[in-house]
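The block underneath contains the structure these notes are about, expressed in structure tokens.
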Amino acid sequence: MAKISEKDNTDLENRYKDTIDLPETSFPMRGNGPVREPEFQTKWKEEDIYHKGLELRAKEGADSFVLHDGPPYLSSERIHIGTALNKILKDIIIKYKTQRGFRVPYIPGYDSHGLPIENAVVKAIKGGRQAVTVPELRDKCRDFALNNLKGQEAKFKRLGILGEWDKPYVTLDPKFEAEQIKLFGEMAAKGYIYRGLKTVYWSYGAETALADAEVEYNDNHVSSAIHVKFPITELPSSCPQELQGACFVIWTTTPWTIPGNMAICLGENIDYIVAEDSGEKIVVAEALLEQVNKASEREFKASGSSFKGKDLKGIVCKHPLFDRPSPIIFGDHVTTDAGTGCVHTAPGHGQEDFMVGKEFGLEILCPVDGRGVYTSEANSYEFKSTEALEIAKSKNQSLEAKLNNLEFNGGELNFQGFHVIKQGNDLLISALKDSGALLALKKLTHSYPYCWRSKTPLLYRATEQWFASVDGFREQALTEIDKVNWIPERGRNRIYTMIQDRGDWCISRQRTWGVPIPAIYDMEDINEQGNPKAILETEIIEHVAKIFAEEGSSSWYTKPIEELLPESFKLSLRGAKGDVAISERFRIETDTMDVWFDSGSTHRTVVEARAEEFGAKLPVDLYLEGSDQHRGWFQSSLLTSVACNGFAPYQSVLTHGFVVDEKGHKMSKSLGNVVDPDDVIKKFGADILRLWVASVDYSVEIKVGDNMFKQLSDIYRNFRNTSRYMLGNLHGFNPETDKVAYKDLWSLDKLILHRLQSLQEKLTEAFDNYQFFKYYQLIQNFCSVDLSAFYFDIIKDRLYTHGTKSLSRRAAQTVLAELLSAINRLLVPVLPHLAEDVYSHSPETIKASYQGTQFFMKEGEGSILLSNWPEVNKDYVNGELANQWDKILEIREAANKEIETIRAEKVVGKSLEASLEIKAPAASIELLKSIEAELNAVMIVSEVNLIEAEKLAIKASKFDGHKCVRCWKYFKEVNKGICQTCTDAVSS
RNA sequence: GGGUCUUUAGCUCAGUUGGUUAGAGCGCACGCUUGAUAAGCGUGAGGUCCGGUGUUCAAGUCACCGAAGACCCA
């Protein structure tokens with residue numbers, strides 16, 4: 001046969017072009033998520049897919065799976081990338097569990113009360129807090145919160161999350177508030193709520209006590225560290241008499257607390273020593289004498305031997321400024337790490353001081369008010385000269401202004417009215433200098449607690465607060481912790497030790513924007529401290545709850561107290577004291593509850609209160625939040641639940657780490673490394689953000705950055721093109737009539753069906769264990785390696801050239817239909833928009849073949865989100881076949897290398913131009929012969945010669961023959977330019 | 001300062017009870033293809049397993065010390 005010229009060849013090719021079956025689909029190659037995702041979301045909303053899903057499962061009598069949403073705080077209308085991660089994780093689980101046949105309600109929640117919102121609102125009020133009434137301020141806070149809710153809701157919806165968006169839970173909801181105070185009442189009735197004097201962190205900037213969680217530490221705080229001498233005034237005969245005339249030296253970094261000094265605390269087993277310099281005698285811990293000398297630039301020399309702290313019992317010193325005793329006491333918290341071993345003890349200004357003060361019966365003096373200003377109890381000091389004061393004035397303008405204002409020029413000065421931080425430190429230092437008690441003064445940079453909102457240093461203040469007594473149910477809580485499945489396991493230890501070591505829970509806040517503590521005070525019943533008696537009674541709370549449920553908790557501040565009290569209570573008063581003027585005798589508590597109590601009560605206020613919707617009882621299946629919530633929501637929820645119900649509100653708790661930048665550093669505005677989920681969505685779409693969530697191991701820190709999104713986009717495109725290939729080649733395929741029986745499939749086809757089952761099995765396991773990154777790795781590998789680079793590449797020949805209705809083409813399509821149906825559904829939890837896109841472009845005949853329940857499969861309706869998770873088809877599992885193929889694929893890989901060699905030598909271009917000679921041991925040859933009919937296709941070459949040999953040796957060469965212009969394979973002979981198979985295909 | 005944890009290729013992840021030459025996908029480089037075409041295929045190059053010391057015949061894996069980072073606490 002004569003050689004066919006290039007031109008003739010092209011002509012022939014064009015003639016046969018119409019006879020091949022090329023892919024055909026309207027499914028776009030590019031996702032264009034930023035634009036198209038909202039369209040799918042609109043469809044989901046219009047068709048109410050969320051409720052349809054619930055109905056569907058309800059009809060099936062399905063079990064519920066309840067993931068109870070932790071409420072994000074409504075401080076902003078924007079969301080943080082960490083919040084996006086959290087919500088996406090939840091949604092992935094919800095979508096997966098729904099597919100697995102559970103009824104999965106999702107009620108999103110919002111945390112609306114508290115200091116940050118109140119501060120933000122006050123900041124925006126002209127004239128500040130004083131310019132508005134309490135109800136006005138609360139209304140503004142409410143508006144602010146609800147406005148942010150709208151913003152956050154839109155962001156969450158844009159992530160592709162389905163849920164009860166029209167009926168979320170919000171902590172400011174009147175019914176929520178009513179349930180919350182009832183829960184509080186229940187705890188009170190059980191005796192877990194008490195009012196007590198305690199030192200709490202106090203922010204003078206925000207004028208409130210702070211929860212531990214609200215405290216920040218500033219590592220660069222500069223303090224004036226002072227050494228102060230306390231002269232001994234009483235020395236019992238049982239003590240070493242060499243102490244006669246000596247001074248104890250204390251060290252403190254908070255000079256302003258000196259007016260609160262009530263004692264000096266020593267360690268019983270610490271060694272103390274008397275040291276002398278220029279006739280001056282001091283007592284300090286032996287181990288710290290050198291440091292004292294260094295700080296004071298003196299040379300105190302130890303005189304005599306040391307003695308234990310316990311030998312100094314009974315000694316009394318004099319306060320360095322006031323005519324007041326400061327006795328020696330003892331505590332375990334005293335160390336010789338720093339200071340002098342003699343601890344300045346102001347029970348009104350420190351946690352340990354408070355404890356030890358109570359133990360030794362000291363007065364809990366706290367001469368500082370809420371603004372951080374000394375009260376009248378702070379005492380006065382008579383300056384001997386103005387010298388020290390002048391120095392202080394020159395360094396502290398605020399102090400100077402204050403003193404000038406007082407027109408103080410020496411003599412007695414009352415500390416009342418001075419701000420402890422702004423003026424007190426310098427004022428006290430000057431007074432101590434003046435009295436001669438100051439031994440040393442140094443600047444010290446160290447870590448110091450700060451207020452998270454007002455960024456001011458915190459004080460310790462002894463105040464009256466409401467507490468939940470954790471002691472009352474600690475053991476029960478610890479027992480319950482061990483019944484919970486903590487994921488990862490270390491979460492158990494984290495919360496266990498926290499609960500074990502924590503103190504009582506201070507639940508009162510001196511703020512306006514929160515749920516009021518429903519207590520009242522009897523102004524005619526005054527206690528020892530001069531405070532009116534607090535009344536906390538179930539009947540009052542029940543009554544108030546009814547009012548709150550109807551009118552919201554602001555009614556606490558707007559209604560006259562008569563209306564807040566139930567008739568029964570008023571009647572009981574009448575019985576005792578006759579008719580009384582209630583409004584004169586009683587006052588409402590103005591403190592609000594810690595917001596952690598709000599969110600910590602959602603098991604009652606949401607899960608139980610909306611039990612019908614959830615269709616499940618406590619404990620719920622899952623709580624899922626960031627690891628910081630071990631101290632926050634997990635804990636507050638556990639405490640209230642154990643206190644009232646006796647068990648934990650959750651069966652499982654899943655925690656994720658924090659999102660950090662690509663280098664592993666935390667995000668901050670100042671570093672400029674903040675990733676805004678909005679930007680990601682605008683640039684890449686929500687599916688890419690979701691894919692990011694699925695791709696990382698969220699149990700530790702989670703990195704995020706542009707490089708990652710670029711990579712994720714590549715993977716996404718791979719999924720998309722894989723789907724597009726399947727859709728294109730299933731054009732015109734109707735499983736009902738065209739499906740090929742398993743026995744008639746090619747061996748290769750069976751292999752892929754087997755691998756698909758194996759993939760499904762692994763993905764199911766990954767999801768059941770919440771290990772989404774495994775899903776990401778596995779499905780990516782499958783699409784890229786098994787399908788794109790292998791199966792799809794091989795079956796092109798069959799699909800395009802074997803004839804539309806040929807058995808071999810139908811066999812490949814049968815497998816493609818299985819693959820599409822499965823992969824489409826496997827994409828749902830992570831990439832719902834892509835999955836919906838694929839589904840909406842699927843031929844109706846294919847859609848109908850999907851497993852699962854589609855009760856609205858009418859044209860243009862229905863959603864892939866309502867499909868079932870693909871089940872493993874045991875008929876497709878064929879381990880033996882898979883093992884055989886493993887060996888075949890090893891040979892294929894070796895063959896590819898040989899072809900690459902001759903390709904590099906420009907002998908061949910595409911592999912179809914090549915012929916393979918495979919020499920291999922008998923077993924391998926037998927194996928290859930078992931698939932002889934498909935061997936050329938599998939290797940994507942035009943000829944394979946098998947030769948038995950001892951060792952594997954493959955040779956690739958150019959096939960010497962003619963190219964079939966239709967199927968592009970090479971043959972010894974072609975007829976009219978095409979091969980025999982093509983001739984048959986064309987004729988049929 | 002204390003508690004809990006992390007650190008393996010440019011990125012995301014694997015690496016069984018310590019056991020040959022530490023794997024995968026993506027990305028990258030080079031080539032092929034132009035019948036998945038703003039696609040697809042092949043081949044290849046990438047690693048002081050955070051550092052140090054030790055235990056051991058043998059350490060990415062075990063122990064100790066340290067570094068960097070994260071969360072929580074003080």
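What's counted below: heavy atoms across the whole structure, side chains too, no hydrogens, waters or symmetry copies. Chain letters run A, B, ... following the sequence lines, proteins first and then strands; every chain starts at 1.
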Inset, instruction - Please test A:His841 against A:Asp837 for side-chain hydrogen bond (donor to acceptor under 3.5 Å, both in side chains), starting from the C-alpha separation and ending with a verdict. - result: CA-CA 6 Å; A:His841 284 90; A:Asp837 202 5; 3.3 Å; yes

Inset, instruction - Classify the nucleic acid contact of A:Gly728 as base, sugar-phosphate or nothing, counting any heavy atom under 4.0 Å across all strands shown. - result: nothing

Inset, instruction - Could you check whether A:Ile715 gets within reach of a base, just the sugar-phosphate, or nothing at all, counting any heavy atom under 4.0 Å? - result: sugar-phosphate

Inset, instruction - Send over the distance from A:Lys762 NZ to B:rA14 P, rounded to a whole Å. - result: 15 Å

Inset, instruction - Output yes when at least one side-chain N/O atom of A:Arg494 is less than 4.0 Å from OP1 or OP2 of B:rG3, else no. - result: no

Legend entry - Atom-pair distance (CD on A:Glu893; C1' on B:rA24), nearest Å: 13 Å

Inset, instruction - Apply side-chain hydrogen bond (donor to acceptor under 3.5 Å, both in side chains) to A:Asn718 and A:Ser784, showing your working. - result: CA-CA 7 Å; A:Asn718 176 251; A:Ser784 176; 4.7 Å; no

Inset, instruction - Using a cut-off of strictly less than 4.0 Å, decide whether A:Lys796 has a side-chain nitrogen or oxygen near OP1 or OP2 of B:rC41. - result: no

Legend entry - Listed once per pair and sorted, the side-chain hydrogen bond (donor to acceptor under 3.5 Å, both in side chains) pairs that draw on residues 493-502 of chain A, sequence neighbours left out: A:Arg502-A:Gln635

Inset, instruction - Counting Watson-Crick and G-U wobble pairs only, both distances under 3.5 Å, name the nucleotide matched with B:rG31, or none. - result: B:rC41

Legend entry - Distance-only polar pair, side chains of A:Ser808 and A:His802, donor-acceptor under 3.5 Å: yes

Inset, instruction - Answer with base, sugar-phosphate or nothing: what part of the nucleic acid does A:Arg490 contact at a heavy-atom distance below 4.0 Å? - result: sugar-phosphate

